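Comments concern the structure below.
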Amino acid sequence: MAEEADTVSSLMSEDKVGKPLVVILVGAPGSGKSTFCNDVISAARRTWIRICQDTIANGKAGTKGQCLQSAISALQEGKNVLIDRCNLELEQRSEFVKLGGARADVHAVVLDLPARVCISRLVKRTGHEGNLQGGKAAAVVNRMLQKKALPKLNEGFSRIMFCQNDDDIKAAVNAYKFLGLFDSLPSGVFGQRSADAKVQQGIMKFLKKVDTYGNDFQNSAAKLEYDSQDLAVKNEYKEINPCAMVIEKGNGVGQDELDNDLLQKPCVSDFQWNDVPTLAFPSISTSDFQFNMDKASDVIVEAVADFFSKVDKAKLILVDLSPKSKMLSLVKVKASKKNVNTYRFSTYAGDITRLYTGGGLHCNVIANASNWRLKPGGGGVNTAIFSAGGKALEIATKEQADTISPGSSIIVPVPTISPLYQREGVTHVIHVLGPNMNPQRPNCLKDDYVKGCKVLSEAYSSLFNNFASIALSGDSKAESSKSVGMFFESVVETQPAISEQKSKREVSIGYDSNKKSKCNEDLGSLSQSLGFLEEEEQKSERTDHSAKSSWGSWAHALHQVAMHPEKHNRDVIEISDDLVVINDLYPKAKKHILVLSRLPGLDCLADVRREHLPMLQKMHAAGLKWVEKFSSHDPALVFRLGYHSVPSMRQLHLHVISQDFDSTHLRKKKHWNSFNTPFFRDSIDVQEELKMNGLAAIEDEKLLSSELRCQHCKSAHPNIPRLKSHISTCKAPFPSHLQNGRLVFASSGSSEAVSDL
DNA sequence: GTTCTAGAAC
DNA sequence: GTTCTAGAAC
């Protein structure tokens, strides 16, 4: 019985318990954020956790990443989160806003107090610490407030509360303090002083404008007026186009009718479309490729939601020719169920090649449901777009690629002579190829909808990413330069498909060779099964490659020393036929030397093969000899010998470096991580791998930007100075994975592996 | 690899 | 205001 009751009550509570909340405080230093948090937490009915960047790292200042991580874990435990950092700028808070969605609702509480109040509090608080006194405090606060961007609902907040004085703050504290597990606060904007009026004005202006278009609009105008109170709360509607507003608010007045009547009038063009990049796209694969529409509409809505979570201020419009389109209605219903922002995503029934002249819609980018040969014909959208784009579009397409594979897309800038550009203002066409389910067309997937949905989803994300990259590049003529910076909430992969296409066509040219494509690029996978001739070709290409472009001009210094050590007396400490040993010009520790191989053509670890093992053994032995010498002078020194996975300078060199990392030259994250992540390949491991596999593993350069962690106790630190100050006092032993010959020190006159520290 | 510097963060 | 980092240039 008891068990049953438990089950019932847990079911009920699951149903009723609101989502956890993420409350993002927004305010200058001294605005009272911490006090707010403490006041809420001290008597709250829910469980709250305050996340403060100043104290997140064991009481010390930490990173934004640590705050995010901490917030994620708190949410997973069902706790409510208060983000206590300034968050005055959109970018500073955007990562935290993204915590919202299925797992949490995100609110903002804006402590919008006069600067002088913040300054005087700040001086009182920090004066005795000597950090931010008088004029300095004022400068900091004023500077920060200059950059202040008040939060808006369209950033992803479901509720925003503005506090301008202590009473407002008290009310906000109470709202959260008394919020029980089963309660929720209303959505919208509260306490904002002047914006509501502006929104109202904007709407009135719009209504007047609409009126001039005639009777068709009367109903919808009335409807808008009715809803305007609701709209006023959402300040995201400050700058919107009237049609989008109607779409959102037109429920119950015959949606389809409204859409078509309104959208097919050229009423929007002179209103507010100008600065928002807009992509119009047809449904991919559901026409001639016979993809199931129900499944396709799920994929579309999913892809759109995903896109909106990454990108700010861009609009998408799904277009189909027929007002009775099943796809349009399916997508509309599903988008609405999924709460997709209907201001940013809408549907349109009409000709995709006449969006402006036929519908007044200014879409700077349109997508084409293409065929794999990227050729005109075949009917449907493809024929229509190629025909509207003219010969110029066909040629421009050919310039980009010859073919396209299912699930990908390519961008084609529309030539200015094309009617699509001149008449419709379309600056780019993105050709997309979706999966084919039609047995009468090539590459039919039959009924494999697992694969089909995957490919269709890839097609849409490729399309949307490419659209994003157009706006990011500032290439879009529909987008003013000032909005470029505001466009992205986060980095979006750019043009993956186009470079893929290019590389298909230009395999031998090395499309990315101007990038940091070092010699390790493909050698790991360089096939041993290549024929002799091919291998020779590859070799010469590799040599060419590194000589030509992959090593920067500075990167040949070690090579010069290895080949002509006699010319570099100052740095060289040992010369033999095989090796040159030098002091590192910029030592990253008390003792830091390089053992250079003198073999020509052996530039980096990725070049090393089994036959080089004797050379590496000699280098290791030479390194050990120097360790012994150094240790005899300073027995406290402990060394590691190893190679960088991807060196910055050519000519294979072994680092022999003491583990104190006590050096003014160690200044960057990259410096630290190059010696303290798996990017550093211990010499003994490399030798072992050569014996076993014939080559050594190369670790990713991404490791160089990992967070900074102490090599002893593994604690994380926000920056190099903090890390350095920590390691100078950290008493923890070296981790066990270094304790099998990787760490060396001197003992009884000879260097030995450290067995126990 | 370093130096220089703009801009992020507080 | 200072501190710190990351990216560009070399």
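The structure displayed is predicted, hence computed values, not measured ones. Below, read A as the first sequence line, B as the second, and so on, with proteins coming before strands; counting in each chain starts at 1.
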Hey, is the side chain of Q92(A) poking within less than 4.0 Å of OP1 or OP2 on dA9(B), counting only N and O atoms? yes
Considering non-hydrogen atoms only, spot the tightest contact between L605(A) and A697(A) and give its length. CD2-O, 4.3 Å
Does Y586(A) lie flat on the base of dT2(B), that is, centres under 5.5 Å apart and planes under 30° off? no
Under 4.0 Å between any heavy atoms, over every strand shown, what does H653(A) touch: base, sugar-phosphate, or nothing? Just pick one. nothing
Under the side chain to side chain donor-acceptor pair (under 3.5 Å) rule, collect the residues that match up with D700(A), sequence neighbours excluded. none
Rounded to whole Å, please give me the gap between CG in D84(A) and C1' in dA9(B). 15 Å
Charged N to carboxylate O under 4.0 angstrom, E95(A) versus K98(A)? yes
Going by the rule side chain to side chain donor-acceptor pair (under 3.5 Å), which residues pair with Q617(A) if we only count those two or more places apart in sequence or in a different chain? none
Figure out the CZ/P separation between R722(A) and dC10(B), and round it to whole Å. 11 Å
Q53(A) CD to dT3(C) C1', in whole Å, measures 14 Å
By side chain to side chain contact (heavy atoms under 4.5 Å, CB included) - contacts of D105(A) (at least two apart): K19(A), L21(A), H107(A), S158(A)
Rounded to the nearest Å, what distance is computed from the CZ atom of residue R85(A) to the C1' atom of nucleotide dC10(B)? 10 Å
Side chain to side chain donor-acceptor pair (under 3.5 Å) against H653(A), all qualifying residues, sequence neighbours excluded: none
Using a cut-off of 4.0 Å on non-hydrogen atoms, how would the nucleic acid contact of E89(A) be classed: base, sugar-phosphate, or nothing? nothing
Please report the distance, rounded to the nearest Å, between CH2 in W551(A) and C1' in dC10(C). 17 Å
Below 3.5 Å is the cut-off: list the nitrogen or oxygen pairs between protein and nucleotides 5-8 of chain C, distance only.
residue	atom	partner	partner atom	Å
dT5(C)	OP1	I720(A)	N	2.8
dG7(C)	O6	K668(A)	NZ	3.4

Could you give the CG-to-P distance, from L25(A) to dC10(B), as a whole number of Å? 14 Å
Any pair counted as salt bridge (charged side-chain N to carboxylate O under 4.0 Å, His left out), so long as it reaches residues 584-600 of chain A, sequence neighbours left out: none
For W554(A) and dT3(B), what is the distance between atoms CH2 and P respectively, to the nearest whole Å? 14 Å
